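Remember, it's a predicted structure, so these values are computed and weren't measured experimentally. Chain letters run A, B, ... following the sequence lines, proteins first, then strands; residues in each count from 1.
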2 protein chains.
Amino acid sequence: MTAAHDLRQNQLLAALPSEDLERVSKNLKLVELPLGEALYESGSRQRAVYFPTSAIVSLLYTLADGSSVEIAVVGNEGIIGVSLFMGGETTPSRAVVQSAGYAYRWSGKFLKEEFTLGGPMQHLLLRYTQALLTQMAQTAVCNRHHSVDQQLCRWLLLSLDRLVGNELVMTQELIANMLGVRREGVTEAAGNLQSAGLIRYSRGRITVLDRPGLEARTCECYAVVKKEFDRLLPAMTQY
Amino acid sequence: MTAAHDLRQNQLLAALPSEDLERVSKNLKLVELPLGEALYESGSRQRAVYFPTSAIVSLLYTLADGSSVEIAVVGNEGIIGVSLFMGGETTPSRAVVQSAGYAYRWSGKFLKEEFTLGGPMQHLLLRYTQALLTQMAQTAVCNRHHSVDQQLCRWLLLSLDRLVGNELVMTQELIANMLGVRREGVTEAAGNLQSAGLIRYSRGRITVLDRPGLEARTCECYAVVKKEFDRLLPAMTQY
DNA sequence: CCACTTATGTCCGATATCGTACACACTTCA
DNA sequence: TGAAGTGTGTACGATATCGGACATAAGTGG
């Protein structure tokens, strides 16, 4: 499961030419991201970015009344902390570890130095940010027009794409926070999917039994986002 | 109303140091944007970006079934076509003129040349893009948690901020497309606001009577977005 | 083995929005 | 002046989700 840690387990790093990766790697530090850890809070100054290898991180917005929504999810295809190189330093969102794992941490200082070189790293970061824009926009659309059932399918697929295996460790309560619906709503939606034989649910453990089934049941939003990621960040090293 | 056209009517251009603006201005061309014109369609290759001066442009997502949602609105504080400098060339969204007016058009070729210089223009464009990210994210949250009444208030305020005067030319049908709700839903919400004395509605013409009242009635989403824009793009020239 | 906590399932009325149908008012133009 | 088109108001049942209360079930630790 945990093979030797390799920078190239993150697809952005993997897409860098060797010499760039070499230069950058000096300042990357492998860190463990436990479930629930907040990499940054709303409005707090960010000091580093993270390239996940096995962890999955949710970008969340929390409203004044405590209700929240996930606006994007980041795994080994991306980076957490785009506001550091976009120039804003902070964002109103929070970043919370949704699935424990590892990531490479990169200090903001070195990130900015590298970014200003205008080389492949800059290019990759900007393209990734555009993919993130798409994911957020599609989330907005999905929140407006699609049912909880469909959104749960989308969410499961997005998570699945960022994991090895077909099992997620995740309670319905947490999923409800991500989707911005009630916990009971997730129970019902999950029950529907389970009845249909697409997943198996057991106390904080979801096993996906029929991935094509999920894809058939979800809304177009999943495909749009996936296609856009593939287009913008293509042909990465596989392992 | 239509004073002499000036590059600095767009806040991004206004924020450029004179020498940069001078260099850039050679390739800017004033264009008129009529109501309803699409600056680009979903997935189509973009050839230029636009700096609105008096026009307002909506970024829309349209689903396969024809339903749509506005994910962001751009006026004289911003630029249309971020995917050109982000590197993706296209996006799945559409850009439609919501309020007729003028904009400066800048060819993608020159834009990219300027962007790679890494100067003030790059800096501004990236910060604006981060503000756009915030607007999209907040739209996603708002779509999930807030009532049509509140969203209409938010939408009116966002539009008002980008206009001179307190009157919008806009049918309920079009607003419904923006908000992703039924036209009847807008009729009802607008009726509520009119009863409360906040607006006056008459056949495609909305007059805002009580702006503070709208601000009191809308959700926090408006303030979050506005605050973030002010933080990221501060101290622009006023006129 | 027994409390205790956590996770999930179920039920019910309340509410917001939807979908549809249709009426009315204003404008334009023949 | 009358017809057509467009924009808005209203009504009503259908549906999805909410809000809250509560029941059940699985794990945990004494």
Side-chain angles (χ1 to χ4, degrees), chain A residues 35-36 63 65-69 98-99 140-156 167-196 198-207 217-219, chain B residues 35-36 63 65-69 98-99 140-156 167-196 198-207 217-219:
Chain A
L35 179 66
L63 294 172
D65 69 0
S67 56
S68 68
V69 187
Q98 179 204 111
S99 178
V141 180
C142 203
N143 281 354
R144 167 62 68 205
H145 288 292
H146 297 137
S147 69
V148 175
D149 272 39
Q150 289 179 307
Q151 293 186 48
L152 177 58
C153 289
R154 172 177 62 84
W155 189 88
L156 287 171
E167 201 176 273
L168 290 95
V169 176
M170 178 66 48
T171 65
Q172 297 183 346
E173 176 79 39
L174 288 178
I175 295 178
N177 284 336
M178 306 287 182
L179 297 184
V181 298
R182 291 177 319 144
R183 196 267 311 160
E184 292 87 341
V186 175
T187 300
E188 190 177 338
N192 295 340
L193 299 187
Q194 185 152 4
S195 305
L198 304 179
I199 64 172
R200 189 172 53 228
Y201 215 115
S202 65
R203 284 189 83 70
R205 194 165 228 95
I206 312 174
T207 310
R217 190 158 182 145
T218 193
C219 42
Chain B
L35 180 64
L63 293 172
D65 68 0
S67 56
S68 67
V69 187
Q98 180 204 109
S99 177
V141 179
C142 203
N143 281 352
R144 167 62 69 203
H145 288 293
H146 297 139
S147 68
V148 174
D149 272 39
Q150 289 179 308
Q151 293 184 50
L152 178 57
C153 289
R154 171 176 63 83
W155 188 89
L156 287 171
E167 202 176 271
L168 289 96
V169 176
M170 177 67 47
T171 65
Q172 298 184 346
E173 177 79 39
L174 288 177
I175 295 179
N177 285 336
M178 306 286 182
L179 298 183
V181 298
R182 291 177 320 146
R183 195 267 309 159
E184 292 86 340
V186 175
T187 300
E188 191 178 337
N192 295 340
L193 299 187
Q194 185 151 2
S195 305
L198 304 178
I199 63 172
R200 190 173 52 230
Y201 216 115
S202 66
R203 282 188 86 72
R205 193 167 229 94
I206 312 175
T207 310
R217 192 162 180 139
T218 192
C219 43

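Within the 4.5 Å cutoff, the side chain of A/I206 has heavy atoms near those of the A/I175 side chain. The closest side-chain heavy-atom distance from B/L168 to B/S99 is not below 4.5 Å. Between B/V186 and B/W155, the closest side-chain pair of non-hydrogen atoms is not below 4.5 Å.
On the nucleic acid side, DNA chain C contacts chain A at distances under 4.0 Å to non-hydrogen atoms, with the end points of that region at C/dT6 to C/dT10.
The nearest whole Å value for the distance from the CG atom in B/L193 to the P atom in D/dT8 is 14 Å. Distance CD (B/E173) to P (D/dG9): 13 Å, rounded to an integer number of Å.
Residues B/N192 and B/R217 share a closest heavy-atom pair of CB-NH2, 3.9 Å. Between A/A189 and A/V148 the shortest heavy-atom distance is CB-CG1, 3.9 Å.
Put simply, the side chain of A/N143 never gets that close to the backbone of B/N143: no donor and acceptor are under 3.5 Å apart. Without hydrogens or angle criteria, B/Q151 side chain to B/H146 main chain gives a donor-acceptor distance under 3.5 Å. In this structure, A/R144 contributes its side chain and B/L179 its backbone to a donor-acceptor pair below 3.5 Å.
As judged by a 4.0 angstrom heavy-atom cut-off over every strand, B/T171 is placed among residues touching the sugar-phosphate backbone only.
For the side-chain contact (heavy atoms from CB on, under 4.5 Å) with B/T187, the qualifying choice from B/E173, B/Q172, B/R182 is B/Q172, the only one to do so.
Taking a pair as Watson-Crick or G-U wobble with both distances under 3.5 Å, the runs of three or more consecutive pairs in DNA chain D are C:1-30 with D:1-30.
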message: Using a 4.0 Å heavy-atom cut-off to protein, can you give one letter per nucleotide of nucleotides 17-30 of chain D, 5' to 3': B if the base is in contact, S if only the sugar-phosphate is, - if neither?
response: SBBBB---BB----
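In summary, the side chains of B/S67 and B/D65 do present a donor paired with an acceptor at a separation below 3.5 Å, with no hydrogens or angles considered.
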